[in-house]
Amino acid sequence: SGYSASHFARIFTKVHNTSPIQYLNQIRILHAKNLLRTGQYTMGQIAQECGFSNVYYFSRCFKQITGIPPTKW
């Protein structure tokens, strides 16, 4: 985009009313919800498939965004 990371984040936040990281995590959690519905994958597999570095961070983000832990979804 030709912008510095901080300038891009400011513009993105202004346009989308959320930070780039929060937006990305919302997209990742949406994908995780779809994978959880199938019942075919472990939490570790879902976390990895959705781009989270580990299952603990995935669980924390999932609960932060949805209000419930992924095991209850």
Side-chain angles (χ1 to χ4, degrees):
S1 67
Y3 296 117
S4 69
S6 61
H7 187 64
F8 176 82
R10 277 193 305 274
I11 293 170
F12 187 95
T13 301
K14 193 175 203 179
V15 171
H16 295 284
N17 294 322
T18 188
S19 74
I21 296 299
Q22 289 169 333
Y23 183 82
L24 179 60
N25 282 341
Q26 289 172 357
I27 299 298
R28 288 174 171 172
I29 295 302
L30 182 63
H31 183 54
K33 287 178 184 178
N34 292 330
L35 293 175
L36 284 167
R37 281 189 193 106
T38 68
Q40 298 177 5
Y41 305 99
T42 67
M43 288 296 153
Q45 290 170 324
I46 292 171
Q48 185 176 15
E49 173 68 25
C50 294
F52 289 95
S53 56
N54 62 60
V55 73
Y56 304 108
Y57 181 58
F58 163 68
S59 294
R60 190 173 70 191
C61 285
F62 192 97
K63 186 172 182 181
Q64 182 182 24
I65 291 170
T66 65
I68 58 173
T71 55
K72 301 290 183 190
W73 181 259

Cluster link Ile65 to Ile27, ILVMFWY, side chain under 4.5 Å: no
Separation between CZ of Phe52 and CD1 of Ile46, rounded to the nearest 0.5 Å: 11.0 Å
Inter-residue atom distance Leu35.CG - Ile29.CD1, 0.5 Å rounding: 10.5 Å
Between CD on residue Glu49 and CG on residue Asn34, distance to nearest 0.5 Å: 11.5 Å
Test item: Ser59 and Pro69 side chains (from C-beta on) under 4.5 Å apart, heavy atoms: no
Rounded distance [0.5 Å steps], CD in Gln22 versus CG in Leu24: 11.0 Å
hydrophobic_cluster_shared for Phe62 and Leu30, side chain cutoff 4.5 Å: no
Flag if over 12 foreign heavy atoms under 6.0 Å of CD1, Ile21: no
Lys33 atom NZ, over 12 foreign heavy atoms within 6.0 Å: yes
Thr13 side chain vs Arg10 backbone, donor-acceptor pair below 3.5 Å: no
Mutual orientation of the aromatic rings belonging to Phe12 and Tyr23 [parallel < 30°, tilted 30-60°, perpendicular > 60°]: perpendicular
Donor-acceptor side-chain pairing of Arg28 and His31 below 3.5 angstrom: no
